[in-house]
Amino acid sequence: GESVGLHLPTLSVQEGDNSIINCAYSNSASDYFIWYKQESGKGPQFIIDIRSNMDKRQGQRVTVLLNKTVKHLSLQIAATQPGDSAVYFCAEKNSGGGADGLTFGKGTHLIIQP
Amino acid sequence: DTGVSQDPRHKITKRGQNVTFRCDPISEHNRLYWYRQTLGQGPEFLTYFQNEAQLEKSRLLSDRFSAERPKGSFSTLEIQRTEQGDSAMYLCASRMGQVSYEQYFGPGTRLTVT
């Protein structure tokens with residue numbers, strides 16, 4: 001069945017360093033993945049997405065890598081800033097007839113050290 | 001602010017009472033989603049609408065839960081005979097079908113059942 005999980009619940013990095021957040025998924029039929037950032041007391045905020053026909057996608061200071069062979073994706077944040085402190089979720093689009101919801105992992109709490 | 005609004009932002013109710021939450025999506029978005037998020041977990045998909053049609057329901061959506069989107073615009077989520085286990089953040093999201101899979105989330109309604 002579908003499941004999305006994260007390798008680390010908490011990641012602490014120095015301000016200015018690069019951050020890498022990892023995510024594993026189990027459904028080889030998944031064709032769309034998305035990363036969200038959630039700050040305390042707020043709803044999830046879109047960061048970047050990627051379709052399964054791509055290996056890499058870049059945004060502003062963020063890059064998502066998709067390795068379909070090992071069913072793994074990662075989010076790289078360049079030059080981490082204090083405003084990047086949040087919980088980061090990966091999610092995959094539900095598959096199957098009529099399915100359209102997202103299945104989220106548990107999240108990684110990114111902590112920025114000054 | 002994503003443009004998705006939810007009301008109320010917080011609700012405290014006693015066990016056994018009924019509660020209703022409202023979501024107003026981004027006006028041109030034809031798809032609307034409800035999720036539940038408990039502390040320390042990622043959002044869990046509950047149901048989604050395309051216009052006024054409810055097309056997918058999670059097994060998490062017990063008989064005590066009902067959702068409507070009567071005119072294809074705003075949506076309501078009702079929980080009857082609330083239980084303490086219903087305490088969670090209820091998130092609404094919307095997207096424009098055929099354009100992007102990106103879902104825009106509202107700030108959520110925090111439900112506490114005492």
Side-chain angles (χ1 to χ4, degrees), chain A residues 1-10 21 23-25 27 30-54 57 59 62 64 66 75 86-109, chain B residues 1-7 9-10 21 23-26 29-51 53-61 67 88-110:
Chain A
E2 291 180 313
S3 69
V4 178
L6 297 176
H7 293 306
L8 294 173
T10 302
I21 302 172
C23 181
Y25 64 95
N27 185 0
S30 295
D31 61 0
Y32 174 81
F33 303 89
I34 188 168
W35 282 97
Y36 281 93
K37 170 187 178 183
Q38 188 173 27
E39 298 172 290
S40 181
K42 297 183 178 180
Q45 177 186 357
F46 171 82
I47 301 173
I48 192 168
D49 58 0
I50 189 168
R51 293 179 184 258
S52 60
N53 61 354
M54 302 173 69
R57 191 164 187 225
V62 295
V64 56
L66 176 62
L75 176 70
V87 177
Y88 289 80
F89 294 97
C90 64
E92 60 181 319
K93 178 181 171 296
N94 295 343
S95 59
D100 200 50
L102 296 174
T103 297
F104 283 78
K106 291 186 178 181
T108 292
H109 186 194
Chain B
D1 183 3
T2 62
V4 179
S5 61
Q6 293 186 244
D7 183 72
R9 294 292 307 278
H10 303 274
F21 310 140
C23 171
D24 286 89
I26 294 171
H29 287 186
N30 61 347
R31 300 195 182 203
L32 185 148
Y33 307 78
W34 284 100
Y35 292 82
R36 180 179 71 185
Q37 185 176 26
T38 53
L39 199 60
Q41 301 295 317
E44 298 172 293
F45 171 76
L46 293 177
T47 188
Y48 98 92
F49 293 83
Q50 180 171 319
N51 300 312
Q54 189 173 15
L55 297 186
E56 186 183 0
K57 296 183 187 180
S58 161
R59 63 183 181 278
L60 295 174
L61 210 67
M89 176 77 83
Y90 290 85
L91 293 161
C92 174
S94 69
R95 77 173 179 96
M96 187 62 192
Q98 309 306 321
V99 174
S100 168
Y101 285 122
E102 177 189 346
Q103 296 180 20
Y104 295 78
F105 280 84
T109 294
R110 169 73 66 189

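Below, chains carry the letters A, B, ... as their sequence lines are ordered, and counting in each starts from 1.
Looking at residues two or more places apart in sequence or on another chain, you find a side chain to side chain contact (heavy atoms under 4.5 Å, CB included) between B:Glu44 and B:Arg36, B:Leu60. Legend: residues meeting ring-ring contact (aromatic ring centres under 6.0 Å, His included) with B:Tyr33, ordered by chain and number and at least two apart, are B:Tyr48.
Interface check for chain A: of the options B:Pro107, B:Pro43, B:Gly108, the most heavy-atom pairs under 4.5 Å are formed by B:Pro43. For the options B:Gln37, B:Arg110, B:Met89, heavy-atom pairs under 4.5 Å to chain A are most numerous at B:Gln37.
Of the possible donor and acceptor atoms, none in the side chain of A:Thr10 sits under 3.5 Å from a partner among the backbone N and O of A:His109. B:Ser94 places no side-chain N or O within 3.5 Å of a backbone atom of B:Arg31 that could act as its donor or acceptor partner.
Of the atoms belonging to A:Gln45, not a single heavy atom falls under 4.5 Å from chain B. Looking at A:Ile34, the atoms closer than 4.5 Å to chain B (heavy atoms on both sides) all sit in the side chain, from C-beta outward.
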